[in-house]
There are 2 protein chains.
Amino acid sequence: MTKQHSHQHGHDADHVHDHNHNHCIDTALATAETLCLEQGQRLTKVRRRALELIWESHRPLGAYQLLAKLAEEGFNSAPPTVYRALDFLLAAGLIHKVESMNAYLGCAHADRAHKGYFLICDECHNVMEFDYQDIHAALIAKAAKQGFELRAETIELTGLCADCKAQATDAHAVGTSA
Amino acid sequence: MTKQHSHQHGHDADHVHDHNHNHCIDTALATAETLCLEQGQRLTKVRRRALELIWESHRPLGAYQLLAKLAEEGFNSAPPTVYRALDFLLAAGLIHKVESMNAYLGCAHADRAHKGYFLICDECHNVMEFDYQDIHAALIAKAAKQGFELRAETIELTGLCADCKAQATDAHAVGTSA
DNA sequence: TTTGAGTTGTTATACCATAACAAAATTATA
DNA sequence: TATAATTTTGTTATGGTATAACAACTCAAA
């Protein structure tokens, strides 16, 4: 299981980081550089900056949110700019798209092939990426039974994260005792 | 495993039905009537017709495609009309939304609570709904281990369906032998 | 140094979805 | 059966997501 670190304790959108998220970003960028170099892909300025901005966000970032941030920094502000960058990063496996949110998230394991499985909190909207070989294998087997050749998986689970569940319980306890 | 019947042999968008799909539609509508009656919900003309149209389609239907069909039949042609109907049908469990396609699909098991798991063919875009208790249980357990309370699942698998795989193989065989 | 591939700029448009409020229909209640 | 309460539908407007199409630029290789 992998978790976007800063999500562990954060409830508010702009919660102060309780760890040095810069490290995650740096690692992600370094991985991206290496990967692109190996594959003869060009991590151009806008692509690189888009990836950084996605990582700097603590939630999945919408295309137009990203576009606005890029525009602030002097990049072209037309939609194709951001969608091209997103397409590149998606194809390179450097980010995931969360379909149910129309938003994009840095991929913590770009260095190895994997599927993005997500736990999405309805309350705080934080997203945890997880990895589950058992489920992956079961899905492949299940599909194969139908003669279906599995290529990609969209697994997005929503509900209440541990923190929000705790908060809800606290609130309820206070409410009932008052 | 459940399958939208007409998808079994269809490769072309407007493939002639090889079974009486009307039966499926009738069953779905009857179930809808019963369900709504039981729950004191009103299956109004536009809702009922929307459900029929979704079932009549052999693929997941986009909101605006559905809106166009409804408009042809004299219903109001503004977007809220169709989104209201869709919201109602979704809430009633009579249809599913395929998030990765922004499209809507009749639910074959509206009569019992279940999650919509989908196999989506990249080639012919047919969709099979399947049901897999093992995976459902595994996901709940996996989420619970993280303290996450699972509420909803979006499971959308893409790849090549059996028919399209067979076609591709045939085409390749012809190509290589020619 | 020109060719060619890839990338970016630019304009326009298509597609997906909801807000907000008015009008009508339905149901419940007096 | 009036009338009030509730739900549904009509209508206008807008916001959010994504791509088509073509021109201009960059950069590396021939």
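In what follows, every chain begins at residue 1, and chains take the letters A, B, ... in the order their sequences are listed.
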Pair up each side-chain donor or acceptor in residues 72-81 of chain A with any protein partner under 3.5 Å, not counting sequence neighbours, and list the distances.
unit_1: A:Glu73; atom_1: OE1; unit_2: A:Arg49; atom_2: NE; d: 2.7
unit_1: A:Glu73; atom_1: OE2; unit_2: A:Arg49; atom_2: NE; d: 3.2
unit_1: A:Glu73; atom_1: OE2; unit_2: A:Arg49; atom_2: NH2; d: 2.8
unit_1: A:Asn76; atom_1: OD1; unit_2: A:Ala78; atom_2: N; d: 3.4
unit_1: A:Asn76; atom_1: ND2; unit_2: A:Thr81; atom_2: OG1; d: 3.2
unit_1: A:Thr81; atom_1: OG1; unit_2: A:Ala78; atom_2: O; d: 3.3

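- Residue-level contact check: B:Phe75 touches neither bases nor backbone, having no heavy atom under 4.0 Å from any strand.
- Protein atom CG of B:Leu66 is 15 Å distant from nucleotide atom P of C:dC15, rounded to whole Å.
- Residue A:Asn76 is classed as a base contact, given a heavy-atom separation below 4.0 Å to a base.
- With a 4.5 Å cut-off on side-chain heavy atoms, A:Val127 and A:Arg59 do not count as touching.
- In this structure, A:Met101 places its CE atom 18 Å from C1' of D:dA18, rounding to the nearest Å.
- Pairing each heavy atom of B:Glu123 with each of B:Leu160, the nearest pair is CB-CD2, 3.8 Å.
- Note: A:Ile95 CD1 to A:Leu51 CG = 7.5 Å, rounded to the nearest 0.5 Å.
- Position along DNA chain D of the nearest nucleotide to A:Leu86 versus B:Val46 favours B:Val46 as the more 5'-ward residue.
- Rounded to whole Å, the distance from CZ on A:Arg47 to P on C:dG6 is 11 Å.
- In this structure, B:Cys107 and B:Trp55 have side chains that are not in contact, with every pair of non-hydrogen atoms separated by 4.5 Å or more.
- Within the structure, a side-chain polar atom (N or O) of A:Lys97 is placed less than 4.0 Å from OP1 or OP2 of D:dA18.
- Evaluation of A:Tyr64 against the base of D:dT17 yields a stacking contact (centre distance < 5.5 Å, interplanar angle < 30°).
- OP1 and OP2 of C:dC16 both lie 4.0 Å or more from every side-chain N or O belonging to A:Asn102.
- Atom NZ of B:Lys45 is separated from atom C1' of C:dT26 by 13 Å (rounded to the nearest Å).
- Between B:Gln65 atom CD and C:dA17 atom C1' there is a gap of 15 Å when expressed in whole angstrom units.
- Straight-line distance from the CD atom of A:Glu99 to the C1' atom of C:dC16: 14 Å, rounded to whole Å.
- Judged purely by distance below 3.5 Å, without hydrogens or angles, the side chains of B:Ser100 and B:Glu156 pair a donor atom with an acceptor atom.
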For a side chain to side chain contact (heavy atoms under 4.5 Å, CB included) check, start with the C-alpha distance between A:Val98 and A:Tyr104, then their side-chain angles and the critical distance, and finish with the verdict.
CA-CA 6 Å; A:Val98 183; A:Tyr104 304 83; over 6 Å; no
Go through the steps for B:Glu99 and A:Thr154 under the test side chain to side chain contact (heavy atoms under 4.5 Å, CB included), then give the verdict.
CA-CA 9 Å; B:Glu99 292 289 349; A:Thr154 300; 6.0 Å; no
What is the per-nucleotide protein-contact pattern of nucleotides 24-30 of chain D, from the 5' end, where B denotes a base atom under 4.0 Å from a protein heavy atom, S denotes such proximity for sugar-phosphate atoms only, and - denotes neither?
-------
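- In this structure, CG of A:Asp87 is placed 16 Å from P of C:dG6, rounded to the nearest angstrom.
- The A:Thr81 side chain lies nearest to C:dG9 when the options are C:dT11, C:dG9, D:dA18.
- Proximity of B:Tyr83 to the phosphate of C:dT18: no side-chain N or O atom is located under 4.0 Å from OP1 or OP2.
- Here the nucleotide nearest the side chain of A:Ala63, chosen from D:dT9, D:dA18, D:dT12, is D:dA18.
- Note: A:Tyr117 and A:Phe130 meet the aromatic proximity criterion, with ring centroids under 6.0 Å apart.
- In this structure, A:Leu67 places its CG atom 13 Å from P of C:dT10, rounding to the nearest Å.
- No path of Ile, Leu, Val, Met, Phe, Trp and Tyr side chains, each step under 4.5 Å between heavy atoms, connects A:Leu37 with A:Leu89, placing them in separate hydrophobic clusters.
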Check nucleotides 19-21 of chain C against the protein and report each pair of N or O atoms closer than 3.5 Å, with its distance, or say if there are none.
unit_1: C:dA20; atom_1: N6; unit_2: B:Arg84; atom_2: NH2; d: 3.4

